[in-house]
Trainee: 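My structure is below; once you've seen it, I'll send some questions.
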Amino acid sequence: MSQLLRIKCPSCGQVVDVPGNGTCAKCKNPLVLPEEGVIQMYRMGNPLGMAVGFGIYLNDIPMGHLANSESIRIPVSYGHYKVHMTHGMSRKCVDAEFDVTPQERFIYLKAHIKPGFWANTVVIEKVAGETMPPL
C-alpha cells in the first residue's frame, strides 16, 4: 500500500508518486501539491484472481495506474471531478463524479470489476472513509 501522493508534474506532464512537496524526478522542476482536498482511491482485490490493475483518468487527464489491492492519494484543489478507470482492452466504466469543497475535502473511492457477458465493467463507488483500508 502506498503512503505517497500522486501528482502530475505541471512542467513535463510526468505522473509521479511523491512523499510531499519536492522536485520532479524527470525534469527536476519543483512540485507544489494542492492542499485543499484529497481523493483517495482503492482498487479492491478480486477473489477470482483477476489481478489486472486500472488506468486512472481524473477529468480526462491520465493519472497513471492503480494496481490490484493498491491505494493512492491524489491532492486536488476545490472543484468538480470525474474519475474514469480502464482495464486491459476495455474502457467500460461506471464513472464517479463529485465536488471537492471546504465542507467535503476528502473523497474516498473504491473500484472493482463487475463481470459482464462480453466485457467486464469497472465500477467506482464513493464510500465513507472508515471503510477504506489503512494506508
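All of these numbers come straight from a predicted model, not from anything done at the bench. All residue numbers in this chain count up from 1 along the given sequence.
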Trainee: Applying side chain to side chain contact (heavy atoms under 4.5 Å, CB included) to Val127 and Met132, what does each step give before you reach the verdict?
Mentor: CA-CA 8 Å; Val127 298; Met132 296 292 280; 3.7 Å; yes
Trainee: How long is the span from the NE2 atom in His84 to the CD1 atom in Ile61, to the nearest 0.5 Å?
Mentor: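 The distance works out to 14.0 Å.
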Trainee: If I take atom NZ from residue Lys82 and atom CG from residue Leu58, how far apart are they, to the nearest 0.5 angstrom?
Mentor: 10.5 Å
Trainee: List the steps, then state whether side chain to side chain contact (heavy atoms under 4.5 Å, CB included) holds for Ser11 with Cys24.
Mentor: CA-CA 9 Å; Ser11 299; Cys24 175; over 6 Å; no
Trainee: Count the heavy atoms belonging to other residues, nucleotides or ligands that lie under 6.0 Å from CD of Glu35, then report whether that count exceeds 12.
Mentor: no
Trainee: Just verifying a value: how many Å separate Glu125 CD and Leu109 CG, rounded to the nearest 0.5 Å?
Mentor: 10.0 Å
Trainee: Which atoms form the tightest heavy-atom contact between Val76 and Ile39, and what is the distance?
Mentor: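 Val76 and Ile39 have their closest heavy atoms at CG1-CD1, 3.8 Å.
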Trainee: About how many Å separate NE2 of His65 and CE of Met85, when rounded to the nearest 0.5 Å?
Mentor: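 Between Met85 CE and His65 NE2, I get 10.5 Å after rounding to 0.5 Å.
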Trainee: Apply the test side chain to side chain contact (heavy atoms under 4.5 Å, CB included) to residues Thr86 and Cys93: give CA-CA distance (whole Å), side-chain angles for both, the deciding distance (0.1 Å), then the verdict.
Mentor: CA-CA 7 Å; Thr86 62; Cys93 179; over 6 Å; no
Trainee: Under a single-linkage definition using a 4.5 Å side-chain heavy-atom cutoff for Ile, Leu, Val, Met, Phe, Trp and Tyr, are Tyr108 and Tyr42 assigned to the same hydrophobic cluster?
Mentor: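 Yes, Tyr108 and Tyr42 fall within the same hydrophobic cluster.
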Trainee: In this structure, would Phe54 and Tyr57 fall into the same cluster of hydrophobic residues linked by side-chain contacts under 4.5 Å?
Mentor: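 Not linked; separate clusters.
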Trainee: Is there a path from Ile107 to Val123 through hydrophobic residues (I, L, V, M, F, W, Y) whose side chains come within less than 4.5 Å of each other?
Mentor: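 Per the 4.5 Å side-chain linkage, Ile107 and Val123 are not co-clustered.
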Trainee: Side-chain heavy atoms nearer than 4.5 Å, only ILVMFWY residues, links allowed to pass through others: does that put Val122 and Val94 together?
Mentor: no
Trainee: Nearest 0.5 Å, what's the CG-CD distance between Leu31 and Gln14?
Mentor: 10.5 Å
Trainee: For residues Val83 and Ile124, report the shortest heavy-atom separation together with the two atoms involved.
Mentor: O-CD1, 3.4 Å
Trainee: Any side-chain heavy atom of Arg43 within less than 4.5 Å of one from Ile113?
Mentor: yes
Trainee: Which atoms form the tightest heavy-atom contact between Pro34 and Pro75, and what is the distance?
Mentor: O-CB, 3.4 Å
Trainee: Check for a donor-acceptor pair, side chain of Arg105 on one end and backbone N or O of Glu36 on the other, with a separation under 3.5 Å.
Mentor: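 Yes, the answer is positive, given that a donor and an acceptor are paired below the 3.5 Å cut-off.
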Trainee: So, does Lys110 use its side chain to make a donor-acceptor pair with the main chain of Thr131 at under 3.5 Å?
Mentor: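 Looks like yes, one N/O pair under 3.5 Å.
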Trainee: Taking the side chain as every heavy atom from C-beta outward, state whether Val15 and Arg6 have any pair of such atoms under 4.5 Å apart.
Mentor: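 Val15 vs Arg6: side chains touch.
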Trainee: Drop me the distance from Leu66's CG to Met41's CE, to the nearest 0.5 angstrom.
Mentor: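 Here the interatomic distance stands at 7.5 Å.
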